[in-house]
Undergrad: 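Next up is a structure, given as structure tokens.
The sequence lines fix the lettering, A, B, ..., with proteins before strands; numbering per chain opens at 1.
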Number of protein chains: 2
Amino acid sequence: MDDAGVFVVKLQPMTSITPNANLYPASAMSSGSGVAASVAGASPTFSPLYQQIKSLITQSLQSGEWKPGELIPSEMELASRFKVSQGTVRKAIDELSAENLVVRRQGKGTFVATHHEARAQFRFLRLAPDEGVPHYPENRIIEVRRLRAPAEVARLLEIKSGDSVVFIRRVQSFSGVPTILDDLWLPGSIFKGLTAERLNEYKGPMYGLFETEFGTHMIRASEQIRAICADETVAQLLQIEKGTPLLNVERVSFTYGDKPVELRRGLYLTSQHHYRNELS
Amino acid sequence: MDDAGVFVVKLQPMTSITPNANLYPASAMSSGSGVAASVAGASPTFSPLYQQIKSLITQSLQSGEWKPGELIPSEMELASRFKVSQGTVRKAIDELSAENLVVRRQGKGTFVATHHEARAQFRFLRLAPDEGVPHYPENRIIEVRRLRAPAEVARLLEIKSGDSVVFIRRVQSFSGVPTILDDLWLPGSIFKGLTAERLNEYKGPMYGLFETEFGTHMIRASEQIRAICADETVAQLLQIEKGTPLLNVERVSFTYGDKPVELRRGLYLTSQHHYRNELS
DNA sequence: AAGTGGTCTAGACCACTTT
DNA sequence: AAGTGGTCTAGACCACTTC
């Protein structure tokens, strides 16, 4: 894939297309490169060069060319591959780094972000103890089941109603105190062979397992939070009184390409913990 | 303040101080500038040039040299003032823009962020309707009172226990339905002369009023969310049943320099709304 | 010593806005 | 036409890591 650069379109955004229109003439380009792509019939989506580079890098992440935890090529190498300057690659990687898709390490290189890392552990776990330092909870898998996706689940996962989904119920405890009841729905097509046993024997965050065992890396999630009261079933699982107020956290998680791959409904007991959020 | 540049220290971070040690020798600097600041006795905090520039710009924001909504000097002008290249100023402003302290507008310039803008309205209002598009709630001020700061309030506002604080209670409604009960505590020293009347006659977000009338612009906030049940008093104010589950949102808001200037406890009714949050 | 990302500068051209 | 921010390039040097 050495000639990936030919796909880079250096073009005027939002401008009428004229033959050989070229935003950045050769005099301003990397010396010795003859890249200027032809225009006719090109896709109607124009964007700055660094955005195109960013998109190409994202595609390589999505395709699995570079896997979570792995080192990606150096900025100089990518610049050479895409036939652009290092500065342009740099700006693309800057944004990917800001979005937590990659992690830069001075002197070592740029790595694909992974959930097998201390720094990623609490990015998707927002419940923190009122006193003391955050720590990771213990997991207890209550149930793993295959079922046909109900309409609402299918809609949010962007699959067809009735498609196979994996349902998981688990309880998470802090220092032995049951605190979180999670119900998860995962597309069956992606999470083939997921069993309670594998979930139980795996130590560490579930997103790490998803990443390693099913090639699915979560990049972002969208949550909706409401207050509810515990019903009989929930009260029993969390060992609390029926009617205890709980946070109801509905999450849709996305992998590369903003594809939804997890639906989660968490019930959080907030008598000793709180959901933390920074507004900025 | 044309010679502000003399305060810029171009130095090696994390390195033993040697006479005239200079990270960026004149050959790499703006031609014709003789800036290199002397070293002896300098503050022990070293950082990249653009961070120092960022800090200088922040100081001007904090001092009120440029007020919310106003245009700040162009990148070229700032570069000239601080005796650095435009690229360095640019990187400083990039970060300020990412932190929502300023807003760039191509062709027009860079403006100090303000809460009198549609784009800022929902940055600190996370409650959205389950159906339909978000819109701003109606305000009803229940009570405005001066009191002595209780210990907990004083601690969070970083003032002395017993110092004067302004207490505000208000109810916010969506389409006439009471949904949010807010209790606020504000440092009395900053919010002198704040009355129920002024709050009531002011239309628009309260942070806009704080900005215009009291020179206090909120830049970020930290929230802790829990689930509770409505007591008798709350139930009456929100016109709901006692025991209804509510979100309890505790917020500390900060102005320039990360100085806490507002403590807020919001109770959110989430039967028709939800608290939205993006994890990334 | 070599390679990586991090910082800084300089200069060019573009898109957008205002005069 | 002039001024602003936005993009792209090129080259230099630095800090950090590994060999």
Undergrad: By nearest nucleotide on DNA chain D, pick out whichever of B/Q86 and A/G87 is the more 5' one.
TA: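 Nearer the 5' end of the strand: B/Q86.
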Undergrad: Distance check needed: C/dT7 C1' versus A/E75 CD, whole Å only.
TA: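 Rounding to the nearest Å, CD of A/E75 and C1' of C/dT7 are 12 Å apart.
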Undergrad: In whole Å, what is the span from the NZ atom of B/K91 to the P atom of C/dA10?
TA: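 Spelled out: NZ on B/K91 to P on C/dA10 is 17 Å.
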Undergrad: Sequence neighbours left out, what passes side chain to side chain contact (heavy atoms under 4.5 Å, CB included) with B/S74? Give chain and number order.
TA: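 Here the qualifying residues are B/M76, B/E77.
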Undergrad: Return all side-chain donor-acceptor pairs below 3.5 angstrom for residues 66-73 of chain A, not counting sequence neighbours, or 'none' if the list is empty.
TA:
| unit_1 | atom_1 | unit_2 | atom_2 | d |
| --- | --- | --- | --- | --- |
| A/K67 | NZ | A/G64 | O | 3.1 |
| A/E70 | OE1 | A/K67 | N | 3.0 |

Undergrad: For D/dG6, take OP1 and OP2 only and decide whether either is under 4.0 Å from a side-chain N or O of B/R90.
TA: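 B/R90 to D/dG6 OP1/OP2: side-chain N or O found under 4.0 Å.
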Undergrad: Any heavy-atom pair between the side chains of B/M206 and B/M218 that's under 4.5 Å?
TA: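 Heavy-atom side-chain distance check fails, nothing below 4.5 Å.
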Undergrad: Sorted by first residue and then second, give each salt bridge (Lys or Arg N to Asp or Glu O under 4.0 Å) pair with at least one member in residues 112-124 of chain B; sequence neighbours left out.
TA: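 Every pair satisfying salt bridge (Lys or Arg N to Asp or Glu O under 4.0 Å) with a residue in residues 112-124 of chain B: B/R105-B/E117.
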Undergrad: For DNA chain C, what string of dots and brackets results from 5' to 3' when Watson-Crick and G-U pairs need both distances under 3.5 Å, crossing pairs get [ ], and pairs with another strand get |?
TA: ||||||||||||||||||.
Undergrad: Pairs of donor and acceptor atoms involving the side chains of residues 252-260 of chain A, under 3.5 Å and at least two apart or interchain, shall be tabulated with distances.
TA:
| unit_1 | atom_1 | unit_2 | atom_2 | d |
| --- | --- | --- | --- | --- |
| A/S253 | OG | A/Y207 | OH | 2.9 |
| A/S253 | OG | A/E262 | OE1 | 2.8 |
| A/T255 | OG1 | A/H217 | O | 2.6 |
| A/D258 | OD1 | A/R220 | NE | 2.9 |

Undergrad: Rounding to an integer number of Å, can you tell me how far A/L71 CG sits from D/dT17 C1'?
TA: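 Between C1' of D/dT17 and CG of A/L71: 12 Å.
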Undergrad: Ring-plane angle category for A/F174 and A/H135, please: parallel below 30°, perpendicular beyond 60°, tilted otherwise.
TA: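 A/F174 vs A/H135 ring planes: perpendicular.
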Undergrad: Rounded to the Å, how far apart are A/D94 CG and D/dG6 C1'?
TA: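 One finds 15 Å between C1' of D/dG6 and CG of A/D94, rounded.
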Undergrad: Look at the side-chain N and O atoms of B/S85 and state whether any lies under 4.0 Å from the OP1 or OP2 oxygen of C/dC8.
TA: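 Checking B/S85 against C/dC8: no side-chain N or O falls below 4.0 Å of OP1 or OP2.
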Undergrad: Looking only at the side chain of A/S74 (C-beta and beyond, no hydrogens), which of the listed nucleotides D/dT7, C/dT4, D/dT9 gets closest?
TA: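 When the side chain of A/S74 is considered, C/dT4 is the closest of D/dT7, C/dT4, D/dT9.
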Undergrad: Could I get the full list of side chain to side chain contact (heavy atoms under 4.5 Å, CB included) partners for B/F122, not counting sequence neighbours?
TA: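 If we apply the side chain to side chain contact (heavy atoms under 4.5 Å, CB included) test to B/F122, skipping adjacent residues, the hits are B/L125, B/P134, B/Y136, B/R276.
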Undergrad: For A/E131, check side chain to side chain contact (heavy atoms under 4.5 Å, CB included) against everything at least two apart and list the hits.
TA: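 For A/E131 there are no side chain to side chain contact (heavy atoms under 4.5 Å, CB included) partners, ignoring immediate neighbours.
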Undergrad: Return the value, rounded to whole Å, for the distance between atom CZ of B/F111 and atom C1' of C/dT18.
TA: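 Going from B/F111 (CZ) to C/dT18 (C1'), I get 11 Å.
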Undergrad: I want to verify a distance call: between D/dC8, D/dT4, C/dT9, whose nearest atom is closest to the A/T88 side chain?
TA: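 Ranking D/dC8, D/dT4, C/dT9 by closest atom to the A/T88 side chain puts D/dC8 first.
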Undergrad: Roughly how many Å is it from OH in A/Y50 to P in C/dC14, rounded to a whole number?
TA: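 About 18 Å, once rounded to whole Å.
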Undergrad: What is the separation between atom CD on A/E77 and atom C1' on C/dG3, rounded to the nearest whole Å?
TA: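 Distance check: A/E77 CD to C/dG3 C1' gives 11 Å.
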Undergrad: In whole angstrom, what separates A/M76's CE from D/dT9's P?
TA: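 In whole Å, D/dT9 P lies 12 Å from A/M76 CE.
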Undergrad: Could you give all pairs that pass the salt bridge (Lys or Arg N to Asp or Glu O under 4.0 Å) test and reach residues 50-61 of chain A, with sequence neighbours left out?
TA: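 Applying salt bridge (Lys or Arg N to Asp or Glu O under 4.0 Å) to every pair that reaches into residues 50-61 of chain A, excluding sequence neighbours, yields A/K54-A/E95, A/K54-A/E99.
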Undergrad: Short of 4.0 Å, heavy atom to strand atom, which residues of residues 95-110 of chain A count as contacting DNA chain D?
TA: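 Within residues 95-110 of chain A, the residues near DNA chain D are A/Q106, A/G107, A/K108.
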